[in-house]
> 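Here it is, the structure, as structure tokens.
Ligands are counted one by one from 1 in listed order, and the atoms in each one are counted from 1 as well.
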Amino acid sequence: MKNKLLFLGPPGAGKGTQAKIYCNKYGLDHLSTGDLLRDEVSSGSELGLKAAEIMNKGELVSDELVLSIVEGRLLNIEKGWLLDGFPRNIKQANSLKILLEKINQPLEAVISIKVSDDYLIKRLLARGREDDNKEVIINRLKIYREKTAPLIDLYSKEGILKGIDGDSEIDVVFSCIEKALG
Ligand code: B4P
């Protein structure tokens, strides 16, 4: 079974939702940069305060901060892992590649979850997190298209990308992911 995975998709695509279910079922470590950043924000640290300001505008926090968080975590995992929401741009993808070569654990599959914009906006407004208001969501979608979507092409060229339709119900999307990784 593939156990070095990455879930990619626009904000609200369900990366976090599906990653949690997958990791619980298959015993992988779930590494969500969004969750790790929100933990930092809750701790009230100086770093967290800076991150909150950026996240609440829908921008990406600095590559250096995200990389240091991911590196620290990945180095301590012995079984499989699932990256959720990282990398989010080409620079992060290149750094990840170098890191994974160093620890000799190459990425085995990338799940790209696709959802139409109207549906994404509805879902995020219903979730209602601090960064889930219409203006910020539109900015997050714009940044996704500019910075993160090019990764689809990158991983497709590497032959490890699997596209999933994320417009359906949670359990239907999950079955498609299991099939794609099976
Ligand atoms: P993330 O925490 O990664 O969150 P997200 O993209 O908004 O959500 P996700 O796709 O995981 O959706 P979810 O399952 O929750 O990022 C937040 C912020 O952190 C970023 O904007 C950025 O500032 C920062 N950040 C994170 N990583 C970074 C990085 N690498 N570099 C720089 N900055 C970074 O689902 C959304 C909602 O839809 C939920 O309410 C869920 O219940 C619902 N839902 C899910 N699937 C559904 C389905 N099939 N049907 C109906 N509803 C569904």
Side-chain angles (χ1 to χ4, degrees), residues 5-24 30-42 47-74 81-97 99 107 110-152 154-155 164-178:
L5 309 174
L6 160 57
F7 282 11
L8 196 68
K15 302 179 292 289
T17 304
Q18 297 297 333
K20 267 181 212 119
I21 306 174
Y22 197 89
C23 288
N24 277 339
H30 179 198
L31 241 157
S32 156
T33 43
D35 286 349
L36 292 169
L37 288 167
R38 281 184 287 277
D39 286 348
E40 193 69 44
V41 173
S42 308
L47 220 60
L49 290 176
K50 266 192 208 150
E53 212 177 295
I54 299 166
M55 291 165 83
N56 289 338
K57 284 192 243 160
E59 309 282 335
L60 297 181
V61 306
S62 82
D63 294 331
E64 288 68 28
L65 172 58
V66 175
L67 280 167
S68 68
I69 293 177
V70 173
E71 185 158 3
R73 291 290 300 261
L74 265 181
W81 39 261
L82 193 166
L83 297 170
D84 158 16
F86 171 87
R88 255 182 161 87
N89 58 31
I90 294 283
K91 188 174 170 201
Q92 291 182 10
N94 290 337
S95 304
L96 175 66
K97 199 174 171 79
L99 172 62
L107 195 53
V110 177
I111 293 288
S112 162
I113 307 177
K114 291 175 251 171
V115 179
S116 58
D117 279 9
D118 282 356
Y119 205 25
L120 290 174
I121 293 171
K122 265 188 217 147
R123 272 190 200 171
L124 292 174
L125 287 175
R127 180 173 67 181
R129 214 168 58 193
E130 208 166 338
D131 55 342
D132 289 337
N133 66 69
K134 193 142 188 197
E135 197 188 328
V136 172
I137 293 169
I138 288 170
N139 194 31
R140 283 158 67 194
L141 285 171
K142 179 173 165 271
I143 289 176
Y144 171 78
R145 274 188 217 102
E146 286 171 9
K147 307 260 165 90
T148 313
L151 301 182
I152 296 176
L154 181 93
Y155 291 121
I164 298 287
D165 176 6
D167 270 346
S168 314
E169 284 170 23
I170 292 174
D171 55 340
V172 176
V173 178
F174 186 69
S175 300
C176 294
I177 292 176
E178 280 188 305

> Considering the heavy atoms of Ala13, write down every atom of ligand 1 situated less than 4.0 Å from one of them.
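Here the atoms of ligand 1 in question are 10 (O).
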> As an exercise, state the distance from CG of Leu124 to CD1 of Ile138, rounded to the nearest 0.5 Å.
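That separation rounds to 11.0 Å.
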> Decide whether the shortest distance between a heavy atom of Ala51 and an atom of ligand 1 is less than 4.0 Å.
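It does not, in that no heavy atom of Ala51 comes within the 4.0 Å cut-off of ligand 1.
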> Which atoms from ligand 1 have a heavy atom of Pro10 less than 4.0 Å away?
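Counting atoms of ligand 1 from 1, those under 4.0 Å from Pro10 are 10 (O).
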> Quick one: salt bridge (charged side-chain N to carboxylate O under 4.0 Å, His left out) partners of Glu135, sequence neighbours excluded?
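Once residues adjacent in sequence are excluded, Glu135 has no partner under the salt bridge (charged side-chain N to carboxylate O under 4.0 Å, His left out) criterion.
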> Nearest heavy-atom pair of Ile137 and Asp131: which atoms, and what distance?
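Closest approach of Ile137 to Asp131: CG1-O, 4.3 Å.
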> Pull out every atom of ligand 1 sitting under 4.0 Å from any heavy atom of Glu169, numbered as shown with elements.
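Reading through ligand 1 atom by atom, the close ones are 49 (N).
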> Between Ile177 and Phe7, is the side-chain contact (heavy atoms from CB on, under 4.5 Å) condition met? List the steps.
CA-CA 10 Å; Ile177 292 176; Phe7 282 11; 3.9 Å; yes
> Would you compute the distance between atom CE of Met55 and atom CD of Glu130 and round it to the nearest 0.5 angstrom?
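One gets 9.5 Å once the value is rounded to the nearest 0.5 Å.
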> Would one find an N or O of Arg127, backbone or side chain, under 3.5 Å from an N or O of ligand 1?
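Yes, since at least one N or O of Arg127 sits under 3.5 Å from an N or O of ligand 1.
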> Could you tell me whether Gly85 and ligand 1 have an N or O pair separated by under 3.5 Å?
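Yes, Gly85 has an N/O under 3.5 Å of an N/O on ligand 1.
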> Is there a polar contact, in the sense of an N or O pair closer than 3.5 Å, between Arg140 and ligand 1?
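Yes: some nitrogen or oxygen of Arg140 is under 3.5 Å from one in ligand 1.
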> Between Lys15 (side chain) and Pro10 (backbone), is there a donor-acceptor pair under 3.5 Å?
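Yes; at least one donor-acceptor contact below 3.5 Å.
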> If you measure from each non-hydrogen atom of Val66 to ligand 1, which part falls under 4.0 Å: side chain, backbone, both or neither?
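Contact part for Val66 vs ligand 1: side chain (C-beta onward).
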> Under the side-chain contact (heavy atoms from CB on, under 4.5 Å) test against Val110, which residue among Leu154, Leu6, Ile152, Leu5 passes?
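When side-chain contact (heavy atoms from CB on, under 4.5 Å) is applied between Val110 and each of Leu154, Leu6, Ile152, Leu5, only Leu6 qualifies.
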> Decide if atom CD of Glu178 counts as having more than 12 heavy atoms of other residues, nucleotides or ligands within a radius under 6.0 Å.
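Buried by this count: over 12 neighbours within 6.0 Å.
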> Using a 4.0 Å heavy-atom cut-off, say whether Arg129 meets ligand 1 through its side chain, its backbone, both or neither.
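It is the side chain that touches ligand 1; the backbone stays farther off.
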> My understanding is that only one of Val173, Leu8, Ile164, Leu82 makes a side-chain contact (heavy atoms from CB on, under 4.5 Å) with Ile111; could you say which?
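The single option meeting the side-chain contact (heavy atoms from CB on, under 4.5 Å) with Ile111 is Ile164.
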> Within ligand 1, which atoms have a heavy atom of Gln92 less than 4.0 Å away?
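Near Gln92, meaning under 4.0 Å from one of its heavy atoms, ligand 1 has 29 (C), 30 (N), 31 (N), 32 (C).
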> Short list, please: which atoms of ligand 1 are under 4.0 Å from a heavy atom of Val61?
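Those of ligand 1 that fall under 4.0 Å from Val61 are 32 (C), 33 (N).
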> What do we get for Asn89 next to ligand 1 when only non-hydrogen atoms under 4.0 Å count, side chain, backbone, both or neither?
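Under 4.0 Å from ligand 1, Asn89 contributes no heavy atoms.
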> Is Arg123 in polar range of ligand 1, meaning some N or O pair under 3.5 Å apart?
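So ligand 1 has an N or O lying under 3.5 Å from an N or O of Arg123.
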> Please could you name the atoms of ligand 1 that Arg38 approaches to less than 4.0 Å, counting only its heavy atoms?
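What qualifies from ligand 1 is 2 (O), 17 (C).
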> Touching ligand 1 at all, Gly12? Heavy atoms, strictly under 4.0 Å?
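Contact present.
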> Return yes or no for this condition: an N or O of Gly16 is under 3.5 Å from an N or O of ligand 1.
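Such a contact does occur with ligand 1.
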> Mind checking whether Ser32 contacts ligand 1 via backbone (N, CA, C, O), side chain (CB onward), both or neither, at a 4.0 Å heavy-atom cut-off?
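It is neither part, as no heavy atom is under 4.0 Å.
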> Would you kindly specify which portion of Ser168 sits under 4.0 Å from ligand 1, judged on non-hydrogen atoms: side chain, backbone, both or neither?
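Only the backbone of Ser168 comes within reach of ligand 1.
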> Quick check: does Asp84 get an N/O under 3.5 Å from an N/O on ligand 1?
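The answer is no, given that Asp84 and ligand 1 share no N or O pair closer than 3.5 Å.
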> Just heavy atoms, cut-off under 4.0 Å: does Gln18 contact ligand 1 by side chain, backbone, both, or neither?
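Contact part for Gln18 vs ligand 1: neither.
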> Which option, Glu59, Lys20, Arg88, Met55, owns the non-hydrogen atom nearest atom 16 (O) of ligand 1?
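Among Glu59, Lys20, Arg88, Met55, the closest heavy atom to atom 16 (O) of ligand 1 comes from Arg88.
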> With rounding to the nearest 0.5 Å, note down the distance linking OH in Tyr155 to CG in Leu107.
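Output value for this atom pair is 5.5 Å.
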> So which of Leu120, Leu37, Ile137, Thr17 gets nearest to atom 25 (N) of ligand 1, if we judge by its closest heavy atom?
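Ranked by closest heavy atom to atom 25 (N) of ligand 1, first place is Leu37.
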> Among protein heavy atoms, which sits nearest to atom 6 (O) of ligand 1, and what does the distance come to when rounded to 0.1 Å?
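That would be Lys15 NZ, 2.8 Å.
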> Please identify each residue that fulfils salt bridge (charged side-chain N to carboxylate O under 4.0 Å, His left out) with Arg88, with sequence neighbours left out.
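Arg88 satisfies salt bridge (charged side-chain N to carboxylate O under 4.0 Å, His left out) with no other residue.
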> Can you confirm whether Glu146 is buried at CD, in the sense that more than 12 heavy atoms of other residues, nucleotides or ligands lie under 6.0 Å from that atom?
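Counting neighbours around CD of Glu146, more than 12 heavy atoms of other residues, nucleotides or ligands fall under 6.0 Å, so yes.
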> Can you check side-chain contact (heavy atoms from CB on, under 4.5 Å) on Val70 and Leu67, steps first, answer last?
CA-CA 5 Å; Val70 173; Leu67 280 167; 5.6 Å; no
> Tell me whether Arg140 forms a cation-pi arrangement with Tyr144, defined as NZ or CZ under 6.0 Å from the six-membered ring centre and within 45 degrees of its axis.
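No - Arg140 does not lie over the ring of Tyr144 by the 6.0 Å and 45° rule.
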> For ligand 1, which atoms have a heavy atom of Thr33 less than 4.0 angstrom away?
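Those atoms are 26 (C), 27 (N), 28 (C), 29 (C), 30 (N).
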> Within the 4.0 Å heavy-atom shell around Ile170, which atoms of ligand 1 are there?
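Taking each heavy atom of Ile170 in turn, ligand 1 has 46 (N), 47 (C), 48 (C), 49 (N) under 4.0 Å.
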